[in-house]
Amino acid sequence: MIDVRPDRRAALGLLAGAAASGLGGCGRPDDGITRLSFWAMGNEATNVPRILPEFERLNPGIRVVVQALPWTAAHQKLLTAYAGDSLPDLSQVGNTWVSEMSAIGAISPTPRFASDLLTDQFPAVLETNRINGRVVGTPWYVDTRLIYYRSDLLERAGYDAVPQTWDGWKTAMHAVKRVAGPGNFAVLLPVNEFEQLLTFGLQGEEPLLRERDTRGNFSSASCIAALDFYKSLFDEGLAPVASSTQISNVWTEFERGYFSFYFSGPWTIGDFRNRLKPTTRWMTSGVPGPTGPGASAPGGSSLVVYRHSPRQEAAWKLVRYLSDPAVQARFNGITGNLPARESAWAAPAVADDPYIAAFKGQLSRAKAVPKVPEWERIVTEMQVVAERMVRGAVTPRAAAAEIDRRADRLLEKRRWMIERGRAV
């Protein structure tokens with residue numbers, strides 16, 4: 001995700017005239033039809049038109065105009081549209097963007113008449129949409145990262161399931177590496193990605209930020225333990241010291257046994273089903289923790305209605321429709337996205353999929369990451385420092401101190417605003 005966070009004044013200065021760029025919401029022409037502008041991204045933008053005819057049949061006075069945005073440009077487009085007063089009526093947003101869009105005053109909080117949409121949700125996912133005690137985004141679909149593994153190689157190594165403690169898992173990884181043969185590893189942890197280390201860091205009871213999320217807390221005992229465990233997987237030859245660009249493609253290397261454990265989200269289910277040979281046996285598992293099943297970061301996308309929209313009632317009708325458990329179950333069948341409403345998981349297409357089962361347990365253990373606009377920049381710095389640690393430049397304790405130093409620098413403005421009573 002692009003990480004640009006201008007305030008409204010800066011955005012206006014840089015992007016004057018954006019209102020004339022064609023990004024704006026749809027008006028209401030004289031035919032009496034309310035036209036809702038809805039921005040969506042990636043796979044969702046491609047497929048959501050397939051489920052909208054039923055909404056328009058149920059709401060004959062409303063038409064939905066979907067504008068597709070690429071994920072790589074969506075964050076910036078939303079900010080430029082805000083600066084130019086040309087946001088749509090509603091849009092899909094990444095969960096990590098909610099706090100930022102709320103901080104600049106762009107989002108309408110969930111109204112009382114739509115409060116029932118906040119029930120039947122995974123708590124950690126809903127928490128990512130709660131800002132200062134008010135829910136401002138409605139989860140649309142959810143995801144989190146867990147472990148994909150070669151069940152055949154794990155069985156040959158003497159295990160019928162992935163051990164759920166760090167020590168047990170590491171022992172199993174050594175056994176799997178021996179079975180896989182020379183030149184192969186146990187787990188892929190690309191050094192240019194932060195998500196795997198973040199997952200380890202979420203296992204401790206101590207938060208990743210402290211003092212009202214104004215300073216890093218990576219030097220806490222639990223975070224240092226996570227850094228130490230992460231580094232040990234490279235030191236013991238269980239993970240290759242490689243970036244994702246050095247892997248030809250994941251499914252080929254997974255299939256040939258170059259690695260047998262792989263962190264990823266639900267989107268990989270379709271990839272593995274379509275690309276792995278039928279003889280390659282694999283399964284999904286929850287994330288191991290220091291002493292038992294571990295946590296992970298909640299992900300996915302939310303639906304937000306923008307404050308400026310004069311079509312609030314119609315926009316919330318669309319949010320309600322897209323949040324209906326039956327509609328979410330149908331959308332899962334089309335896109336593979338995991339439903340945000342827990343009751344939708346009872347639908348046969350979801351409940352009967354063996355690869356999806358582990359995701360529900362993992363989502364129940366998910367922990368919301370800090371809701372500060374600087375968070376994506378902080379975890380990027382964490383990844384940079386962690387790569388230096390993996391390559392032997394610094395110890396885990398020194399790496400933790402350096403991540404704290406970088407986080408504190410990024411959070412300097414937040415501290416300044418809180419000191420003056422301006423932070424949200």
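Count residues from 1 along the sequence.
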Run the ring pair (Phe, Tyr, Trp, His ring centres under 6.0 Å) test on Phe272 and Tyr148 for me, step by step, so that the C-alpha distance in whole Å, both residues' side-chain angles and the decisive distance to 0.1 Å come before the verdict. CA-CA 10 Å; Phe272 278 12; Tyr148 289 73; 5.5 Å; yes
Taking only distance into account, with no hydrogens and no angle test, what donor-acceptor pairs under 3.5 Å do side-chain atoms of residues 345-358 form with protein atoms, sequence neighbours excluded?
{"residue": "Trp345", "atom": "NE1", "partner": "Pro339", "partner atom": "O", "Å": "2.9"}
{"residue": "Asp353", "atom": "OD1", "partner": "Arg273", "partner atom": "NH2", "Å": "2.8"}
{"residue": "Asp353", "atom": "OD1", "partner": "Tyr355", "partner atom": "N", "Å": "2.9"}
{"residue": "Asp353", "atom": "OD2", "partner": "Arg273", "partner atom": "NH1", "Å": "3.0"}
{"residue": "Asp353", "atom": "OD2", "partner": "Arg273", "partner atom": "NH2", "Å": "2.9"}

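- Atom CG of Leu238 is separated from atom CZ of Phe259 by 14.5 Å, given to the nearest 0.5 angstrom.
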Run the numbers on Leu146 and Phe263 for side chain to side chain contact (heavy atoms under 4.5 Å, CB included), then give the verdict. CA-CA 5 Å; Leu146 44 60; Phe263 280 86; over 6 Å; no
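- Side chains of Lys170 and Ser232: a donor on one and an acceptor on the other come within 3.5 Å.
- Here the CG atom belonging to Leu227 is positioned 5.5 Å from the CG atom belonging to Leu197, to the nearest 0.5 angstrom.
- Between Thr138 and Ser323, the shortest heavy-atom distance links the atoms CG2-OG, 3.5 Å.
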Please tabulate, one pair per line, all N/O donor-acceptor pairs under 3.5 Å involving side-chain atoms of residues 181-194, not counting sequence neighbours.
{"residue": "Asn184", "atom": "ND2", "partner": "Ala180", "partner atom": "O", "Å": "2.8"}
{"residue": "Asn192", "atom": "OD1", "partner": "Ser244", "partner atom": "N", "Å": "3.0"}
{"residue": "Asn192", "atom": "OD1", "partner": "Ser244", "partner atom": "OG", "Å": "3.4"}
{"residue": "Asn192", "atom": "ND2", "partner": "Ser244", "partner atom": "OG", "Å": "3.0"}
{"residue": "Glu193", "atom": "OE1", "partner": "Gln196", "partner atom": "NE2", "Å": "3.0"}

Working for salt bridge (charged side-chain N to carboxylate O under 4.0 Å, His left out), residues Arg275 and Glu255: CA-CA 9 Å; Arg275 297 177 182 275; Glu255 186 173 75; over 6 Å; no
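- No donor-acceptor pair closer than 3.5 Å links the side chain of Arg145 to the backbone N or O of Ala297.
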Show your reasoning for whether side chain to side chain contact (heavy atoms under 4.5 Å, CB included) applies to Val319 and Val305. CA-CA 8 Å; Val319 172; Val305 174; 3.9 Å; yes
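- Side-chain atoms of Gln121 come within 3.5 Å of backbone N or O of Leu117 as a donor-acceptor pair.
- Counting heavy atoms of neighbouring residues, nucleotides and ligands inside a 6.0 Å radius, atom CZ of Arg134 does not exceed 12 of them.
- Ion pairing between Glu419 and Arg415 fails under the 4.0 Å rule for side-chain N and carboxylate O.
- Contact between Pro266 and Val142 at its shortest, heavy atoms only, is CG-O, 4.4 Å.
- When all heavy atoms of Val98 and Ile107 are compared, the pair lying nearest together is O-CD1, 3.9 Å.
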Evaluate the criterion side chain to side chain donor-acceptor pair (under 3.5 Å) for residue pair Glu376 and Thr96; output intermediate values, then yes/no. CA-CA 8 Å; Glu376 289 184 30; Thr96 57; 2.7 Å; yes
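- The only member of Val48, Thr46, Asn47 that meets side chain to side chain contact (heavy atoms under 4.5 Å, CB included) when paired with Arg50 is Asn47.
- In terms of heavy atoms, Glu206 sits closest to Ser220 at OE2-CB, 3.4 Å.
- The backbone N or O of Met41 lies less than 3.5 Å from a partner atom in the side chain of Gln92, making a donor-acceptor pair.
- Residues Thr335 and Asn43 bring no donor and acceptor atom of their side chains to less than 3.5 Å of each other.
- Checked by atom type, the side-chain pair Glu253/Ser248 shows a donor-acceptor distance below 3.5 Å.
- How far CE of Met417 is from CG of Leu411: 12.5 Å, rounded to the nearest 0.5 Å.
- Between the CZ atom of Phe234 and the CD atom of Glu387 there is a distance of 9.0 Å, given to the nearest 0.5 Å.
- Tested against Trp416, the residues Arg420, Arg414, Glu412 include a single side chain to side chain contact (heavy atoms under 4.5 Å, CB included) partner, Arg420.
- For Asp160, the CG atom sits in a loose shell: 12 or fewer heavy atoms of surrounding residues, nucleotides or ligands are nearer than 6.0 Å.
- Here Phe229 and Phe200 bring their ring centres to under 6.0 angstrom of each other.
- Formation of a donor-acceptor pair under 3.5 Å by the Ser37 side chain with backbone atoms of Asp89 is found in this model.
- Between the Lys77 side chain and the Pro70 main chain, no donor and acceptor come within less than 3.5 Å of each other.
- Checking Thr144 against Ser296 by side-chain atom types alone, a donor-acceptor pair falls below 3.5 Å.
- Residues Thr380 and Trp375 fail the side-chain proximity criterion, which asks for heavy atoms closer than 4.5 Å.
- Figure legend: Arg150 and Trp282 shown without cation-pi pairing, the cationic atom not lying both under 6.0 angstrom from the six-membered ring centre and within 45 degrees of its axis.
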Please assess Glu236 against Met173 for the test side chain to side chain contact (heavy atoms under 4.5 Å, CB included), listing each intermediate value before the final yes or no. CA-CA 10 Å; Glu236 296 176 29; Met173 281 194 276; over 6 Å; no
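- From Glu44, atom CD reaches atom CG of Leu69 across 12.0 Å, with rounding to the nearest 0.5 Å.
- Summarising the geometry of Ala74 relative to Trp97, their closest heavy-atom pair is CB-CH2, 3.8 Å, with the distance given to 0.1 Å.
- Salt-bridge annotation for Asp116 and Arg320: present, with a side-chain N of the basic residue lying under 4.0 Å from a carboxylate O of the acidic one.
- Within the 3.5 Å criterion, the main-chain N or O of Trp316 finds no donor-acceptor partner in the side chain of Tyr321.
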Where do Glu342 and Lys360 land on the side chain to side chain contact (heavy atoms under 4.5 Å, CB included) test, with the steps shown first? CA-CA 9 Å; Glu342 290 196 64; Lys360 188 167 188 182; 4.0 Å; yes
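- The backbone N or O of Met101 lies less than 3.5 Å from no partner atom in the side chain of Tyr82, so there is not a single donor-acceptor pair.
- Residues Ala344 and Ala329 approach most closely at O-CB, 4.1 Å, considering heavy atoms.
- A salt bridge links Glu127 with Lys371: at least one charged nitrogen is closer than 4.0 Å to a carboxylate oxygen.
- Formation of a donor-acceptor pair under 3.5 Å by the Lys177 side chain with backbone atoms of Gly237 is found in this model.
- The aromatic rings of Tyr306 and His308 are tilted relative to each other, their planes meeting at an angle between 30° and 60°.
- Shown here is Arg397, whose CZ atom has no more than 12 heavy atoms of other residues, nucleotides or ligands within 6.0 Å.
- Salt bridge Glu381/Arg377: absent, no basic N to carboxylate O contact under 4.0 Å.
- Note: Trp267 and Trp71 fail the aromatic proximity criterion, with ring centroids not under 6.0 Å apart.
- A donor-acceptor distance shorter than 3.5 angstrom exists from the side chain of Gln328 to the backbone of Arg341, with no hydrogens or angles considered.
- If you look at Tyr149 and Tyr262, their ring centroids are not closer than 6.0 Å.
- Judged by distance alone, the side chain of Asn249 and the main-chain N or O of Thr252 form a donor-acceptor pair under 3.5 Å.
- Going from atom CG of Leu154 over to atom OH of Tyr159 covers 8.0 Å, rounded to the nearest 0.5 Å.
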